[in-house]
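In what follows, a structure is listed as structure tokens, so that the remarks can point back to it.
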Amino acid sequence: MSYHKTVNVLQGVCQPAPSPFERSEWFALLADAGLDPLVVLASDDEGSAALALTETGHRIEPLRHWYSFTWRQLAPEGPGGDAMLTEIARQLRSRSHRVTLWPVPDEDGSATRLDAAFRKAGWSVTRKQCDYNHVLPVKGRSFAQYWESRAGRMRTTLKRKAKKVDVEILTRFDADVWASYEEIYSESWKPAEDRPDLLRRFAEEEGAAGRIRLGIARHEGVPVAAQFWTVENGQAYIHKLAHLESHKPLSAGTTLTAALFEHVIDVDRVDLVDFGTGNDPYKADWMEEVRPRFEIDCLDLRQTRSWPELAKRKLRPLAQRFRQG
């Protein structure tokens, strides 16, 4: 078992990556953006397992950015991988009194595996849902079949407004279109982003790999809506979308989203569309299932620094019952 301050050691660990956010290239982007990696690596005769982490002043956390849809362990399936995860968790007790991991999926068993590994290694573990992930399982449908199942108001909106904008979908990175996206985003309802340069570098890399789906809608030649998607391994990921509030009556966002859905379903033939994290009501209009994302909070009770947080854990349910009367 070893600690590393570079993400280079992640190359080749647990390949192929289950999503864009477990690739070594993604972690390299985060490190280049200023995050301080703490990669914990364990190996046996059959392979390697790793946790990509970072140290803060008061705990160990995932090496992630809020652009990340998920964070999970990098470990082979089976008893050997589980044993390596347990050994990593055991060794982390000498590094910190607290490890908090999020947003961890469990449709693939990741949250369950990490929970079990840290418990077996002697940590006091709490697991709770911390976010939502809206997805669309395509189930072999064409876009026309999918669209027929959408709410009547959405279908009516598209029928009435689609001709008011011109839509373009690129499968390569385009600097001018990306500049239009950034301008639209800055004037949209979305909050300001702390590292737009990180997202651009990610988009450039995805474009070079042929995975980008960059959509833009124009009204009378003026860009009014833009979206950034990627496609890989039979899944489409919706990373960013924005439209100009000043042109909201055009419903350009709806028209552009529908066009991208049609592209990834009918052209890319994906099996799943992933709308990232968040429980925004508009996501339910497009998606059909919701998956939980979990926080796994681990305390080493041998260390006195854990005790204040342990007390909060104990008191929190009592406070909730008191507020409920």
Side-chain angles (χ1 to χ4, degrees), residues 1-10 13 21-22 24-42 49-75 84-105 110-111 113-115 117-131 191-199 201-202 277-278 293-317 319:
M1 217 276 317
S2 55
Y3 295 103
H4 302 268
K5 301 299 287 183
T6 174
V7 298
N8 294 340
V9 295
L10 292 173
V13 178
F21 309 107
E22 285 78 40
S24 59
E25 294 89 349
W26 173 251
F27 292 119
L29 283 176
L30 298 183
D32 290 345
L35 295 179
D36 188 17
L38 174 67
V39 177
V40 194
L41 186 67
L51 296 185
L53 305 165
T54 187
E55 291 178 293
T56 68
H58 61 287
R59 63 182 177 182
I60 291 175
E61 299 178 353
L63 183 63
R64 64 176 298 275
H65 189 273
W66 68 277
Y67 293 139
S68 307
F69 290 12
T70 55
W71 181 93
R72 49 162 69 85
Q73 75 289 337
L74 306 174
M84 287 187 282
L85 288 175
T86 299
E87 179 58 24
I88 288 173
R90 183 176 292 114
Q91 292 297 326
L92 282 171
R93 296 177 72 183
S94 65
R95 192 86 184 195
S96 178
H97 71 290
R98 187 179 185 186
V99 178
T100 308
L101 309 173
W102 82 95
V104 183
S110 288
R113 292 185 75 190
L114 288 165
D115 187 321
F118 276 84
R119 288 181 189 275
K120 191 172 182 179
W123 295 82
S124 173
V125 179
T126 61
R127 169 178 155 181
K128 65 179 182 181
Q129 184 174 347
C130 65
D131 214 329
E193 296 184 340
D194 60 340
R195 291 305 304 265
D197 58 318
L198 170 63
L199 190 67
R201 284 190 59 192
F202 176 58
T277 54
R293 293 292 173 254
F294 294 98
E295 176 190 275
I296 300 169
D297 196 20
C298 312
L299 297 175
D300 182 5
L301 300 186
R302 300 177 308 173
Q303 302 185 51
T304 56
R305 290 182 297 168
S306 295
W307 297 354
E309 181 58 33
L310 178 65
K312 291 179 183 178
R313 284 185 183 178
K314 300 294 185 182
L315 291 172
R316 201 170 290 126

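Within the 4.5 Å cutoff, the side chain of F294 has no heavy atoms near those of the D115 side chain. By the 4.5 Å heavy-atom criterion applied to side chains, R293 and P105 are counted as neighbours. Side-chain contact check for R95 versus V40: every heavy-atom pair is 4.5 Å or farther apart. Under the 4.5 Å side-chain criterion, counting only non-hydrogen atoms from C-beta, L53 is in contact with L101.
A distance of 10.5 Å separates CG in L51 from OH in Y3, rounded to the nearest 0.5 Å. A distance of 5.0 Å separates CD1 in I60 from CG in L92, rounded to the nearest 0.5 Å. For the atom pair CG of L299 and CZ of R305, the computed distance is 11.0 Å after rounding to the nearest 0.5 Å. One finds the CH2 atom of W102 at 12.0 Å from the CD1 atom of I296 (value rounded to the nearest 0.5 Å). Note: E55 CD to K5 NZ = 5.0 Å, rounded to the nearest 0.5 Å. If you take NZ on K128 and CG on D297, they are separated by 7.5 Å, rounding to the nearest 0.5 Å.
Remark: H65 pairs with D194 by the side chain to side chain donor-acceptor pair (under 3.5 Å) rule, at least two apart or across chains.
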Enumerate donor-acceptor pairs with a distance under 3.5 Å from any side-chain N or O in residues 26-35 to protein atoms, sequence neighbours excluded.
| from | atom 1 | to | atom 2 | distance (Å) |
| --- | --- | --- | --- | --- |
| W26 | NE1 | S68 | OG | 3.4 |
| D32 | OD2 | R201 | NH2 | 3.4 |

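Side chains of T100 and E295: no donor on one and acceptor on the other come within 3.5 Å.
At distances below 3.5 Å, at least one donor-acceptor pair connects side-chain atoms of S306 with backbone N or O atoms of H97.
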